[in-house]
> 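Got a structure for you, written out below as structure tokens; questions coming shortly.
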Amino acid sequence: MKYEAVIGLEVHAQLLTRSKMFCSCSPEYQDAPPNTHVCPVCLGMPGVLPVINHQAVNATVMTGLALHCAINPRSKFDRKNYPYPDLMKGYQISQYDQPICVNGWLAIEAGGQLKRAGITRVHLEEDTAKLSHRAADGETYSLVDVNRAGTPLMEIVGEPDLRTPEEARQYLIKLRRTLQYLGVSTGNMEEGSFRCDANVSLRPLGSSQFGTRAEVKNMNSFRSVFRALEFEIERQARLLDSGQRVVQETRGWVETTGATVSQRSKEQAHDYRYFPEPDLPPLTFTVDFIEGVRAQLPELPEARKERFVAHFGLTPYDAEVLTATRAMAEFFEAVATAPLAKQSGDGEADLWARAKAASNWCTGELNRLLNLHDIEVENLRVTPPALVELLDLIDSGNINQTSAKEVFEEMFRTGRRAGAIVQERGLVQISNSGELEGLVDRIIASNTQAVADYHAGKAPAMGFLVGQVMKETRGRANPGAVTGLLKSKLDAPAA
């Protein structure tokens, strides 16, 4: 039987706030010694009272607006009860029936078509403590680090509108990009600040009824999500084809084996015994407050991409690459809007020329080196003015593209400016015909076969001769000047 996959994603994003969700402890737990960023509130001590983090609420409202959600005029927190060692209080403060944001959508590209994937809700909760499972001397045990407990966590629950692993991957890429542009989360999956659980089921092609779903956890990269969904779809199809039924359960993705494994039967909502959090007041959002947050929204990825195409004359592909992160988009734009050292007098032509050069370097050499050294743009030693200086050296004919790549690698490694590197390495381009003429004469005299081929109309011969001059000058000769000089000498009438 042919099946259609039905996929819904639940994303948890840790928020960038100065303190935890309900206390004043620092949320910077990544490199901290275990159990050092804690207090009676996040330790779950008796008698303590939580206080709502205003910054986290603002970030959630802003996210909801960016995802086209309605903001509930009244929202409240609830206790989600379940016994687990990483819950210090024995319950998690979350939101149930009155979340902050509801009924939104996210546009993704699927099969060349734009598709709206629904957002059921965006709500706030607190993160749990972190368990580390150990084994020693034939025994197993777990250690609890409470540093993460209480970190503001925003949950974005998607509608079951996705149909393929690739659609799910595009949804996550677009959602993470949006959160990064808003500045509300780092979106780092490897560190756990952006986590995804996937609900997946199968139904006969053409059916409108939902099948029995499995929830898949433990995926820490876009690639993991894609592979886990592929595996789970194939696993459920094999079960259905053999006449077996799919069990509603939670399954974990095991990266090393490329398979999902059963973890526990899936809980229903009533198992959590939700009830209103008695120690926190409800939240009330006025129209003025919501519009005030809306006014703080930055330019989002899709709008910036469209502007880059219209304003800078970039291709949609290049604009997509350049807007992949807010940091890269801002780096590119700072370079692209810098004036050319040599201006033509046509403002739009100069703008587009600089933007094209900036785009080529950002999507080419810069991205190559960032990927090679696993560095984020935020940690780049090359500043936009430093790249502008390099582009000006190219435009003015002081260095050629080959030398520029060598200079840029040194800039990337050390943060030094282009001019100093060019002078130190003697990379100033030779454009003076007087300096080149004697060398060109020697190359012509010592390559009689290439000269004969040129006169016979064989186009590669000119490229060979130019290459010989470039080799002799270790790449410093101006290729255009060399080509012009060779052509004038080879085309000159024989004496």
Side-chain angles (χ1 to χ4, degrees), residues 3-14 80 82 84 86 92 94 106 108 110 117-123 125 127-128 130-131 133 153-176 179 185 187-204 209-242 244-269 271-272:
Y3 301 106
E4 178 181 60
V6 178
I7 302 168
L9 300 181
E10 298 174 5
V11 174
H12 288 86
Q14 288 180 344
K80 180 181 181 180
Y82 63 99
Y84 206 66
D86 62 6
Q92 180 189 34
S94 182
L106 183 68
I108 62 170
I119 304 288
T120 308
R121 56 192 280 146
V122 182
H123 69 256
E125 59 190 23
D127 211 341
T128 61
K130 189 173 182 178
L131 296 179
H133 305 293
L153 199 63
M154 180 172 63
E155 182 171 1
I156 301 157
V157 181
E159 289 284 323
D161 291 342
L162 307 174
R163 297 292 174 263
T164 67
E166 179 58 23
E167 284 188 10
R169 192 175 75 89
Q170 291 300 326
Y171 175 96
L172 290 174
I173 290 173
K174 186 74 174 289
L175 179 57
R176 184 178 74 161
L179 299 185
S185 176
N188 191 317
M189 292 191 79
E190 290 74 17
E191 292 182 354
S193 63
F194 186 85
R195 311 195 289 268
C196 171
D197 298 335
N199 291 292
V200 57
S201 63
L202 297 186
R203 64 186 179 190
Q209 299 295 314
F210 290 142
T212 303
R213 75 182 187 274
E215 183 180 31
V216 184
K217 293 179 175 288
N218 302 337
M219 301 167 291
N220 64 355
S221 68
F222 296 142
R223 180 173 179 269
S224 294
V225 173
F226 184 91
R227 293 179 64 210
L229 288 173
E230 276 195 326
F231 176 88
E232 189 59 24
I233 289 169
E234 292 174 7
R235 184 189 72 85
Q236 293 188 24
R238 286 195 302 270
L239 287 174
L240 295 173
D241 284 342
S242 63
Q244 301 180 67
R245 67 186 185 91
V246 176
V247 177
Q248 183 166 323
E249 61 181 342
T250 298
R251 299 180 66 84
W253 170 248
V254 182
E255 188 70 36
T256 52
T257 62
T260 63
V261 296
S262 180
Q263 291 183 325
R264 59 183 180 272
S265 61
K266 176 65 179 170
E267 304 96 338
Q268 297 293 337
D271 291 331
Y272 293 126

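All values reported here derive from a predicted model rather than from experimental measurement.
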> Return the set of residues passing salt bridge (charged side-chain N to carboxylate O under 4.0 Å, His left out) with Glu4 (not counting sequence neighbours), or none when no residue passes.
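If we apply the salt bridge (charged side-chain N to carboxylate O under 4.0 Å, His left out) test to Glu4, skipping adjacent residues, the hits are Arg163, Arg203.
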
> For Glu125, is there any backbone N or O sitting under 3.5 Å from a side-chain donor or acceptor partner on Ser94?
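Flag not set: sc Ser94 to bb Glu125 has no pair under 3.5 Å.
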
> Side chain of Glu232, backbone of Ala198: donor and acceptor closer than 3.5 Å?
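Between the backbone of Ala198 and the side chain of Glu232 there is no qualifying donor-acceptor contact (under 3.5 Å).
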
> Excluding sequence neighbours, so at least two apart, what forms salt bridge (charged side-chain N to carboxylate O under 4.0 Å, His left out) with Arg227?
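Testing Arg227 for salt bridge (charged side-chain N to carboxylate O under 4.0 Å, His left out), a comparison that skips the adjacent residues, returns Glu255.
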
> Once salt bridge (charged side-chain N to carboxylate O under 4.0 Å, His left out) is applied, do any residues pair with Arg195, and if so which ones, sequence neighbours excluded?
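Per chain and number, Arg195 pairs via salt bridge (charged side-chain N to carboxylate O under 4.0 Å, His left out) with Asp127.
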
> Suppose we screen for side chain to side chain donor-acceptor pair (under 3.5 Å). Which residues come up paired with Ser185, at least two apart in sequence or across chains?
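Result, side chain to side chain donor-acceptor pair (under 3.5 Å) vs Ser185: none returned.
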
> Can you list everything that forms a side chain to side chain donor-acceptor pair (under 3.5 Å) with Glu234? Sequence neighbours excluded, please.
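Testing Glu234 for side chain to side chain donor-acceptor pair (under 3.5 Å), a comparison that skips the adjacent residues, returns none.
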
> Return the set of residues passing salt bridge (charged side-chain N to carboxylate O under 4.0 Å, His left out) with Asp161 (not counting sequence neighbours), or none when no residue passes.
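Partners of Asp161 under the salt bridge (charged side-chain N to carboxylate O under 4.0 Å, His left out) test: none.
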
> Could I get the full list of side-chain contact (heavy atoms from CB on, under 4.5 Å) partners for Thr257, not counting sequence neighbours?
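For Thr257, the residues satisfying side-chain contact (heavy atoms from CB on, under 4.5 Å) (neighbours in sequence not counted) are Val254, Ala259.
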
> Can you name the residues that form a side chain to side chain donor-acceptor pair (under 3.5 Å) with Thr164, not counting sequence neighbours?
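For Thr164 there are no side chain to side chain donor-acceptor pair (under 3.5 Å) partners, ignoring immediate neighbours.
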
> Do Arg176 side-chain atoms and Gly187 backbone N/O form a donor-acceptor pair below 3.5 Å?
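Checked: pair present.
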
> Under the ring pair (Phe, Tyr, Trp, His ring centres under 6.0 Å) rule, collect the residues that match up with Tyr82, sequence neighbours excluded.
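Partners of Tyr82 under the ring pair (Phe, Tyr, Trp, His ring centres under 6.0 Å) test: Tyr272.
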
> Decide if atom CD of Gln209 counts as having more than 12 heavy atoms of other residues, nucleotides or ligands within a radius under 6.0 Å.
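Count not over threshold, so no.
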
> Could you tell me which residues satisfy side chain to side chain donor-acceptor pair (under 3.5 Å) with Glu155, sequence neighbours excluded, listed by chain and number?
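Listed in chain order: His12, His123.
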
> For Gln244, enumerate each residue passing the side-chain contact (heavy atoms from CB on, under 4.5 Å) test, keeping only those at least two apart in sequence or located in another chain.
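Only Leu239, Ser242 meet the side-chain contact (heavy atoms from CB on, under 4.5 Å) criterion with Gln244.
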
> For the atom pair CG (Leu106) and CD (Glu159), what is the distance rounded to the nearest 0.5 Å?
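Answer rounded to 0.5 Å: 13.0 Å.
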
> For Pro160, what residues pass the side-chain contact (heavy atoms from CB on, under 4.5 Å) criterion, not counting sequence neighbours?
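So Pro160 forms a side-chain contact (heavy atoms from CB on, under 4.5 Å) with Val6, Phe210.
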
> Return yes when atom NZ of Lys174 has more than 12 non-hydrogen atoms of other residues, nucleotides or ligands closer than 6.0 Å, and no otherwise.
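Yes.
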
> Checking side-chain contact (heavy atoms from CB on, under 4.5 Å) between Gln263 and each of Glu249, Lys217, Glu215, which is the one that passes?
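Of all the options given, the one that passes is Lys217.
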
> Contact between Ile233 and Tyr3 at the side-chain level, heavy atoms closer than 4.5 Å - yes or no?
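They are not in contact (no side-chain heavy atoms under 4.5 Å apart), so the answer is no.
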
